[in-house]
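Lettering follows sequence order; numbering is per chain, from 1. All values derive from a computational prediction rather than experimental measurement.
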Amino acid sequence: MQLIQVIMEYNFREIDRKWQSFWKEHRIYNVDIDPHRPKYYVLDMFPYPSGAGLHVGHPLGYIASDIYSRFKRLQGFNVLHPMGYDAYGLPAEQYAIQTGQHPAITTEKNIARYREQMDKIGFSYDWNREVRTCEPNYYKWTQWAFIQMFNYYYDLRTQKAQPIEILVHAFETNGTQGVEAVCSEEMSFTAKEWNNKSVAEQRDILMNYRIAYKADTMVNWCPALGTVLANDEVSEGVSIRGGHPVEQRHMSQWSLRVSAYAQRLLDGLTTLAWSDSLKETQKNWIGRSEGAEMQFSIANMDEKMTIFTTRPDTIFGVTFMVLAPESEWVTKLTTAKQQSDVTAYLDATKKKTERERIADKRVSGVFSGAFAVNPANGENIPIWISDYVLAGYGTGAIMAVPAHDARDYAFAKNFNLPIIPVIEGCDVSNESFDAKEGILTNSGFLNGLTVKEAIAKAKEYIKTKQLGRVKVNFRLRDAIFSRQRYWGEPFPIYYKDEQPYPLDESKLPLMLPEVDSYLPTEHGEPPLGRAINWHTEDGFPLELNTMPGFAGSSAYYLRYMDPHNDTALVSKEADEYWRNVDLYIGGTEHATGHLIYSRFWNKFLFDLGLVCEDEPFQKLINQGMIQGRSNFVYRIKDSNTFVSINLKDAYETTPIHVDVNIVHNDILDIEAFKKWNPEYKTAEFILEERKYICGWAVEKMSKSMYNVVNPDDIVEKYGADTLRLYEMFLGPLEQSKPWDTNGIDGVHRFLKKLWNLFWKEDQIAVSEETPTLEEWKALHKLLKKVKYDIENFSFNTSVSAFMICVNELTTLKCNKRAILEPLLITLNPFAPHISEELWHQLEHHSSICDATWVEADEKYLQEDIVTYAISFNGKVRYQLSLPADMPTDKVEATVLDSDQAQKWLEGKTPKKVIVVPKKIVNIVI
RNA sequence: GCCCGAAUGGUGGAAUCGGUAGACACGCAGGACUUAAAAUCCUGUGGCCAUUGCGGCUGUGUGGGUUCAAGUCCCACUUCGGGUACCA
């Protein structure tokens, strides 16, 4: 019989399991409002539970936020750290269409898988607060918020959302006189006119003001997906999900008046602790531009055409006008003679998709036949039509200044239109002069002014001559809010006499109905058109569209504060305690979508007095993307023989992707390779030093590249703590980097080393002795470093600090409780399982999560003797140890006196000596 | 095109305020233990030269500049990554 020797090894599998169930059983991570403790709210962007499960890139941000949460908890904060699922979405629905499986079922299954994977990593989430956007008790509040938006308009004078009744009252008493409200279309009527209108007419007018409104708009229609998409869901003319072509189409759709909040969304950025690049991205997306709206008379017509320009100073350089093909002016202005040409051009433009329009760099356009009058000099200028002018921005019409705008220049050259430079000394013979600097010329009353001065003067001129007005334009558009899909929140809207009405709040949630198929109906209605009894109790039909993906993710952070509340999205008490997210971690891909919509949604609720903070996410960290690191084997042409990378140049080879899970440190597991694919069962190998070494490349992590690494496999092989530490050790959190398992052994070795500090043979062996100065120093150096690093999200350097400390303690053979206990507490946020196990081995009976963070004590860090680097003319020559408190003049004298210095001085007198206390001495000869 | 970010050994990366570049880890080389392997431990490891001593030169994408001192600041450029785009 074999003698079983009991060696207390670091048995991570057992330790992980033991403590994960302990935490669950003792509800270690559940939190409640506690007025006696300061709150801290740490949030991860909740995932969409896809069928593929989590790969090793997903937990990166979750681990970082978990470290931060645990750190804050140890510091005495009451930490809210929740998790949930963004459960509505296209992939589940596409899968449902293919398989007939209800999306709720696949979503449920995927969530279970995600949960299982997350549980294995040991996160400190309060699962009691989990939210799922597809659950009625959650989407009730998404629907509720939509009703509020329907019932509010944006008042410019108070700069906030106001109940629509206030607007109605204003119309009843004064008409549009004195009303300053954000609207789709400027309106003008008297109180009498308003009061004489029918209910339907009045409701149509109000729709023009509502924050959630339905309007006939130009939308991004994606035929392949059978739905419209928001601007942030489209890139370069194709859908972000799936890459299907997107075209422009006129449709009646629900929209959110996000643009009303453009200025506040821009201003709010300055108060946020976000990265500069992310703020810049949002700033560009909001796209504020200051300029002027100017009216141009049309020759032989009474009406005036309005354009928007940021360069009113170049008015004397205007030689023609351009209309967007979709502009309503096109039909008004086209002359009989030009009619056929214009029609042909419009047809050609309509046929092109957005993508083709962008891709096509050729200049195209057509003359309308009409002329406008330049208000500055009274000259007649032709009006053209071209698709380089966008209908949706400004007024859909521009004044063209070919000398100073590259696009106008290209157009003028192509159609042989005059080019008049209005900046002194610029050369426009080959290209336009776009710079916003120089002195004006050929410009009447603007001559001699700088561009900046001229812009101001031109604006003044426009105002006094009543040619137009100073105007700020934003690029930010309203968000299209309807989707012609099944798997989303139903709108709490019904139709009576063709007019949309919100449901009474008592009818919420309006449950998503069952349908027999997830495809549109035969009449082209959305899938909800198939639902039976899809109408109100009174028989009024319900809205057939559903809400988009960003609906449910816009206010989820609020719901976590009070997830079970049945009477409010969040109670006043919970909101006033948790307030907003202190730290938000997630990917940059949400910069122009979710992070704009959430801020908008929050500001709206803030206007309603429902939330007490104007901005939802105080600090935001973007974790980098984890890319895949693929491995290759090299097959010799026309054979089943594979050659190791450094020998491959002697043969003609084809690289073949090989599963990274059967490669370790770029060395192929040959037996596993033969089993991996039957084709390779009889494969032969040309090895170098008895090994097959694979090639590698950084690529996107995907199944087809065989480079997907699953966190479960890493946890199974090394334990959760190794995975956590290694993901952090990989590099700076915010940097994108390839996943590569090559260094993981080093991190695992560190944990074993740490474990060994506590054990002697098979016994836990911790001494109660007082530590030496060196031991104290090793610890306190760590305490200081780790705190600094966590606060700066530099987790990779804290892992190396732990390694240094454990290496030092191992050398010192330190097993003293006074050192090891604080070490465990410091390590706990990073490696919760091993620290909990050892904590209990030290005879503690409560969780280490409730320990108190140990602060570094400077007294252990002070040095009596410091090493100076002695340099001559900036070159370090040797080191010299001197007392730390030696005054600089004394340091200088001592250094110059030494024999070594004399050698380097070679008898010369130093010109200058610089002493940097405790660091360096530089002697200039 | 415009905006933002990055570039450091064979590899991932460190250098927090302009003050000893390469911490920590991987890999590699040599050694100890072992019949052997794994595991573990020790030593070395930017490059070049000298290694019979100390050592010397050089080095953070390229070129220039500021400074006693530059990976770090300034100017110009190259390459890569990200965002965005007929936005007037």
Asker: Would you check, one step at a time, whether the test side chain to side chain donor-acceptor pair (under 3.5 Å) holds for A:N622 with A:T588?
Answerer: CA-CA 6 Å; A:N622 290 123; A:T588 44; 5.3 Å; no
Asker: If you only use heavy atoms from C-beta on, which nucleotide in B:C3, B:U20, B:A14 is closest to the side chain of A:Q879?
Answerer: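 Closest nucleotide to the A:Q879 side chain: B:U20.
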Asker: Is A:V924 touching bases, backbone alone, or none of the nucleic acid, heavy atoms closer than 4.0 Å?
Answerer: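 Sugar-phosphate, no base atom in range.
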Asker: Any sub-3.5 Å donor-acceptor pair from A:T306's side-chain atoms to A:F296's backbone N or O?
Answerer: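 No.
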Asker: Would you say the side-chain atoms of A:H404 pair up with the backbone N or O of A:P421, donor to acceptor, closer than 3.5 Å?
Answerer: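 Such a contact is absent between A:H404 side chain and A:P421 backbone.
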Asker: A:N796 has a side chain; which of B:C86, B:A14, B:C4 sits nearest to it?
Answerer: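 Out of B:C86, B:A14, B:C4, the nucleotide with an atom closest to A:N796's side chain is B:A14.
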Asker: Could you work out which one of B:C3, B:A69, B:A88 sits closest to the side chain of A:I398?
Answerer: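 Minimum distance to the A:I398 side chain belongs to B:A88.
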Asker: Of the nucleotides B:U40, B:U20, B:C41, which one has an atom closest to the side chain of A:R749?
Answerer: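 Nearest nucleotide to the side chain: B:U40.
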Asker: Salt-bridged, A:K777 to A:E808, with N to O below 4.0 Å?
Answerer: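 No, this pair does not count.
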Asker: Which nucleotide wins on minimum distance to the side chain of A:T281, given the candidates B:G83, B:A88, B:G19?
Answerer: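 My answer, after comparing the listed nucleotides, is B:G83.
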Asker: Which nucleotide, if any, forms a Watson-Crick or G-U wobble pair with B:U34, using both distances under 3.5 Å?
Answerer: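 Result: none.
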Asker: Who is the Watson-Crick or G-U wobble partner of B:U11, with both distances under 3.5 Å?
Answerer: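 Partner of B:U11: B:A25.
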Asker: Could you check A:G396 against A:T592 and say which one's nearest nucleotide on RNA chain B is further toward the 5' end?
Answerer: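 First, find each residue's nearest nucleotide; the 5'-ward one identifies A:T592.
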Asker: B:U52 pairs with which nucleotide, Watson-Crick or G-U wobble, both distances below 3.5 Å?
Answerer: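 Looking at the geometry, B:U52 pairs with no nucleotide.
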Asker: Base, sugar-phosphate, or nothing: which does A:S275 touch, judged by heavy atoms less than 4.0 Å apart?
Answerer: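 Nothing, no heavy atom under 4.0 Å.
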Asker: Can you confirm whether or not the ring centre of A:Y726 sits under 6.0 Å from the ring centre of A:W739?
Answerer: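 Yes - the distance between ring centres of A:Y726 and A:W739 falls below the 6.0 Å cut-off.
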Asker: Return the nearest nucleotide to the side chain of A:I920; candidates are B:A14, B:A88, B:G19.
Answerer: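 Closest of the options to the side chain of A:I920: B:G19.
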Asker: Kindly give the heavy-atom pair with the smallest separation between A:W285 and A:I596, and that separation in Å.
Answerer: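 So the minimum-distance heavy-atom pair works out to CD1-CD1, 4.1 Å.
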Asker: Checking contacts here: which listed nucleotide (B:U20, B:U16, B:A85) is nearest the side-chain heavy atoms of A:W285?
Answerer: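 Minimum distance to the A:W285 side chain belongs to B:A85.
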Asker: Any base atoms under 4.0 Å from A:S277, or only sugar-phosphate, or nothing? Heavy atoms, all strands.
Answerer: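 Since only primed, P, OP1 and OP2 atoms lie under 4.0 Å of A:S277, the category is sugar-phosphate.
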Asker: Of A:K785 and A:I804, whose closest RNA chain B nucleotide lies nearer the 5' terminus?
Answerer: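 Final value for this comparison: A:K785.
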Asker: Would you mind classifying the nucleic acid contact of A:K875 as base, sugar-phosphate or nothing, using non-hydrogen atoms under 4.0 angstrom?
Answerer: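 Counting heavy atoms under 4.0 Å across all strands, the contact made by A:K875 is with sugar-phosphate only.
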Asker: Does the pair A:E863/A:K918 count as a salt bridge with the N-to-O cut at 4.0 Å?
Answerer: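 Salt bridge: no.
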Asker: Answer yes or no for A:R599 and A:W274: cation-pi contact, defined as NZ/CZ to six-membered ring centre under 6.0 Å and angle to ring axis within 45°.
Answerer: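 Yes; both conditions hold, so A:R599 lies above the ring face of A:W274.
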Asker: Confirm from the modelled atom types if A:R477 and B:C87 form a donor-acceptor pair under 3.5 Å, side chain to base only.
Answerer: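 Under the 3.5 Å cut-off, the side chain and the base do form a donor-acceptor pair.
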Asker: Dump every N/O contact between nucleotides 8-12 of chain B and the protein below 3.5 Å, one line per pair.
Answerer:
unit_1 : atom_1 : unit_2 : atom_2 : d
B:G12  : O2'    : A:L730 : O      : 2.6

Asker: Would you mind classifying the nucleic acid contact of A:D276 as base, sugar-phosphate or nothing, using non-hydrogen atoms under 4.0 angstrom?
Answerer: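 Nothing: the residue A:D276, judged by heavy atoms under 4.0 Å, touches no strand.
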